[in-house]
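Note: hydrogens, waters and symmetry copies are ignored here, and every other heavy atom, side chains too, is used. Naming: A, B, ... by sequence-line order, numbering from 1 per chain.
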Amino acid sequence: MIDRRLIRDNPERVREGLTRRQAGADLLDKVFQLDRIHRTNIHSIETLQHERNVASQEIATRKKQGEDIENLHASMKVTSAKIKELEATNKAIEEELDVLLLTIPNLPHASVPDGADAASNKVVRTVGTAKKPFDDVLPHWEMGEKLGILDLEAGRIVSGRGFIVFRGDGALLCRALIQLMLDMHIEQGYVEVSIPFLVHRASMTGTGQLPKFEVDMYRCAEDDLFLIPTAEVPVTNLHRESTLEKDKLPIRYCAYSPCFRREAGSHGADTRGLLRVHQFDKVEMVKFVHPDSSYDELETLTTDATAVLDALELPYRVVTLCAGDLGFASAKTYDLETYAPGVDKWLEVSSCSNFEDFQARRAEIRLRKSDGEKHKFVHTLNGSGLALPRVVASILEVHQTPTGRVRIPAKLRPYMRGKEFLG
RNA sequence: GGAGAGGUGGCCGAGUAGGUCUAAGGCGACGGUUUGCUAAACCGUUGUACGGGCUUAAACCUGUACCGAGGGUUCGAAUCCCUCCCUCUCCGCCA
């Protein structure tokens, strides 16, 4: 959530940022206007309350002395009614204001390039080469089914399209990847946490999935709980409504979780194989940092994620998202894309973002101030390290051999019972 | 699912026959005095949010709200009433 005061004091800056990310700035005028009325009302209410407090005191004193207080009673009754009325009005305004504010996306950081959509994203660096290892590389779904490690039909039978079943080495590969990633991140200084996969509304609102994107979530109506679309939600909310000590920062977590996404509105895109599914496994990194260092932390977060791609010997590129392609809560995002020669595509396997204080303000994750300092929020960041199915797809295509086998990268072999090839 | 107990500041904890509660006291933290150093002792400070004033800004001054949440009664609510949420204990059920 954007600071209300920023909208009040510097509406043009907010307008500019929203325009840059292709978000309508029309809500802004409404917020500006409501905020002003809200403050005027507060002033009136407080004046009346002050009046009431003084009178109450006087009534108490006079009553002790046995004086007549009927007049005061009568006039205070009127005052109280006025207060009640104004409070009701202002509560309505505040609710409206909250909804509006929760719907406004974060502002892009100054270093984020201009642009309306993904076409304007900038490649920061490329590692390895994006080319076919040999001519007729099979797409991952064909390779996977040929090896008997991927069973898309079974997924359809059990749960419908978009759900996948891995068998044998396929299942082992998933488990191995999760383990490798977690071990690497622990080595990099992250604390592993194991978290709930169902969360309530407040958590979803804290990280920004709600109220705007409810249709994208799986929801258990009976208990009003949501299946998490990413571990970012429970992990970031670990510190919801709390104040963090400066000397405890940065806090770095990593976590494995399955991720559930309805993918509403994206039917027809990437329907084959592992590229777009309703449930997938992911290892996520989350950081809580001091505002001064959040952009440095974004860089190391990104290299902590690319280290996994290096370990898996996969070619990849790091892309800075342009303002128009930025996620709702993010101020700056690097996407990591690995090349899959079988489908000839760059696959997004990670998204590393700095949310600055956008999530922290929503989730009330504060930073304890030192003397004479204005009260602050921490900055939160997260990045996948990495999302599994697309990594598996990439492995099945990049490490494919002309003889129809798939080589297991050396760093992964200890987690794969020492095997060199899949299947 | 059933029964009971309870939710008060960073933490512990008092306070409910409504009116200096402007929330005691303690701990912790911070500052100071003392001290060769540390500790102890003593003195002092100590929340959050939102307004207003002053200001480049901070500091500061001032006001209001906040005792789980929301309503109600009242001139006045931590205190009385209603609804809801959460935590704990016991019982039941269960991997």
Practice prompt. With A/Leu138 as reference, evaluate A/Lys146, A/Glu145, A/Glu397 under the side chain to side chain contact (heavy atoms under 4.5 Å, CB included) test and give the passing residue.
Written response: A/Lys146
Distances under 3.5 Å between protein N/O atoms and the N/O atoms of nucleotides 18-20 of chain B, please, pair by pair.
{"unit_1": "B/G19", "atom_1": "O6", "unit_2": "A/Lys63", "atom_2": "NZ", "d": "2.9"}
{"unit_1": "B/G19", "atom_1": "N2", "unit_2": "A/Ser56", "atom_2": "O", "d": "3.1"}

Worksheet item: What integer distance in Å separates A/Phe377:CZ from B/U48:P?
Response: 12 Å
Worksheet item: Phosphate oxygens OP1/OP2 of B/G52: is one of them under 4.0 Å from a side-chain N or O of A/Arg39?
Response: yes
Practice prompt. Rounded to the nearest angstrom, tell me the gap between atom CG in A/Leu97 and atom P in B/C50.
Written response: 13 Å
Would you list the atom pairs, donor with acceptor, under 3.5 Å between side chains in residues 415-423 of chain A and any protein atom, with sequence neighbours excluded?
{"unit_1": "A/Tyr415", "atom_1": "OH", "unit_2": "A/Asp183", "atom_2": "OD2", "d": "2.6"}
{"unit_1": "A/Lys419", "atom_1": "NZ", "unit_2": "A/Asp169", "atom_2": "OD1", "d": "3.2"}
{"unit_1": "A/Lys419", "atom_1": "NZ", "unit_2": "A/Asp169", "atom_2": "OD2", "d": "2.7"}

Discussion item. For the P atoms, the ones on B/C67 and on B/A78, what distance do you get once it is rounded to whole angstrom?
Written reply: 7 Å
Fill in: C1' gap between B/C84 and B/G31, integer Å
45 Å
Worksheet item: Are A/Asp9 and A/Arg5 close enough for a salt bridge, meaning some N to O gap below 4.0 Å?
Response: no
Practice prompt. Convert the base pairs of RNA chain B into dot-bracket notation, remembering that pairs crossing earlier ones are written with [ ] and that bases paired across to another strand are shown as |; include only Watson-Crick or G-U pairs under 3.5 Å.
Written response: ((((((((.[[[..)...(.....]]]((((((.......))))))(((((((......))))))).[[[[[..)....]]]]])))))))....
Worksheet item: To the nearest Å, how far apart are A/Asp9 CG and B/A57 C1'?
Response: 13 Å
Item to complete: Take atom P in B/U74 and the same atom in B/G18, then report the distance between them in whole Å.
Response: 16 Å
Response to the item:
Between NE2 of A/His200 and P of B/C84 the distance, given in whole Å, is 20 Å
Under 3.5 Å, which N/O atoms of the protein pair with N/O atoms of nucleotides 64-66 of chain B?
{"unit_1": "B/U64", "atom_1": "OP1", "unit_2": "A/His50", "atom_2": "ND1", "d": "2.8"}
{"unit_1": "B/U64", "atom_1": "OP1", "unit_2": "A/Asn53", "atom_2": "ND2", "d": "3.4"}
{"unit_1": "B/U64", "atom_1": "O3'", "unit_2": "A/Gln49", "atom_2": "OE1", "d": "3.3"}
{"unit_1": "B/U64", "atom_1": "O2'", "unit_2": "A/Gln49", "atom_2": "OE1", "d": "2.6"}

Item to complete: Mind jotting down which residue pairs meet the salt bridge (charged side-chain N to carboxylate O under 4.0 Å, His left out) criterion with at least one end in residues 78-88 of chain A? Sequence neighbours excluded, please.
Response: none
Enumerate, atom names and distances included, each donor-acceptor pair closer than 3.5 Å involving a side-chain atom of residues 208-217 of chain A, sequence neighbours excluded.
{"unit_1": "A/Gln209", "atom_1": "OE1", "unit_2": "A/Thr207", "atom_2": "OG1", "d": "2.7"}
{"unit_1": "A/Glu214", "atom_1": "OE1", "unit_2": "A/Arg201", "atom_2": "NH1", "d": "3.4"}
{"unit_1": "A/Glu214", "atom_1": "OE2", "unit_2": "A/Arg201", "atom_2": "NH2", "d": "3.2"}

Discussion item. Under 4.0 Å from OP1 or OP2 of B/U73: is there any side-chain N or O of A/Lys84 that close?
Written reply: yes
Worksheet entry | Under 3.5 Å side-chain donor-acceptor pair for A/Lys282 and A/Thr230 | yes
Discussion item. Salt bridge check, A/Lys91 against A/Glu94: does any charged N sit closer than 4.0 Å to a carboxylate O?
Written reply: no
Worksheet item: A/Glu153 and A/Arg156: salt bridge (Lys or Arg N to Asp or Glu O under 4.0 Å), yes or no, with the steps?
Response: CA-CA 5 Å; A/Glu153 182 56 24; A/Arg156 274 191 282 272; 3.2 Å; yes
Discussion item. Given B/G51, B/G76, B/G72, identify the nucleotide with an atom nearest to the side chain of A/Ile42.
Written reply: B/G51
Practice prompt. For B/C80 versus B/G15, give the span between their P atoms, rounded off to a whole number of Å.
Written response: 13 Å
Worksheet item: Distance between the C1' atoms of B/U79 and B/U87, in whole angstroms?
Response: 22 Å
Worksheet item: To the nearest Å, how far apart are A/Ile93 CD1 and B/C50 P?
Response: 18 Å
Worksheet, complete the sentence: A/Glu94 CD to B/C50 P, in whole Å, measures 11 Å
Fill in: Aromatic ring proximity A/Phe358/A/Phe328, centre distance under 6.0 Å
yes
Worksheet item: What integer number of Å spans the C1' atoms of B/A77 and B/A58?
Response: 38 Å
Practice prompt. Return no unless some side-chain N or O of A/Arg361 is found under 4.0 Å from OP1 or OP2 of B/A49.
Written response: no
Discussion item. Taking any heavy-atom pair under 4.0 Å as a contact, classify A/Arg201: base, sugar-phosphate, or nothing.
Written reply: nothing
Discussion item. When the C1' atoms of B/U48 and B/U33 are compared, how many Å lie between them, rounded to an integer?
Written reply: 32 Å
Discussion item. Tell me whether A/Glu263 is salt-bridged to A/Arg261, with the criterion being a basic N under 4.0 Å from an acidic carboxylate O.
Written reply: no
Practice prompt. Could you tell me the separation between the NZ atom of A/Lys82 and the P atom of B/C75, rounded to a whole number of Å?
Written response: 16 Å
Discussion item. Checking side-chain polar atoms at under 3.5 Å, does A/Asn237 have a donor or acceptor matched by the opposite partner on A/Arg240?
Written reply: yes
Discussion item. If I pick the P atom on B/G52 and the same atom on B/C42, what distance separates them, to the nearest angstrom?
Written reply: 45 Å
Discussion item. Can you confirm whether or not the ring centre of A/His109 sits under 6.0 Å from the ring centre of A/Tyr295?
Written reply: yes
Worksheet item: Quick one: A/Asn41 CG to B/C50 P, roughly how many Å, whole number?
Response: 17 Å
Practice prompt. Could you check whether the rings of A/Phe163 and A/His278 sit parallel, tilted or perpendicular, using 30° and 60° as the cut-offs?
Written response: tilted
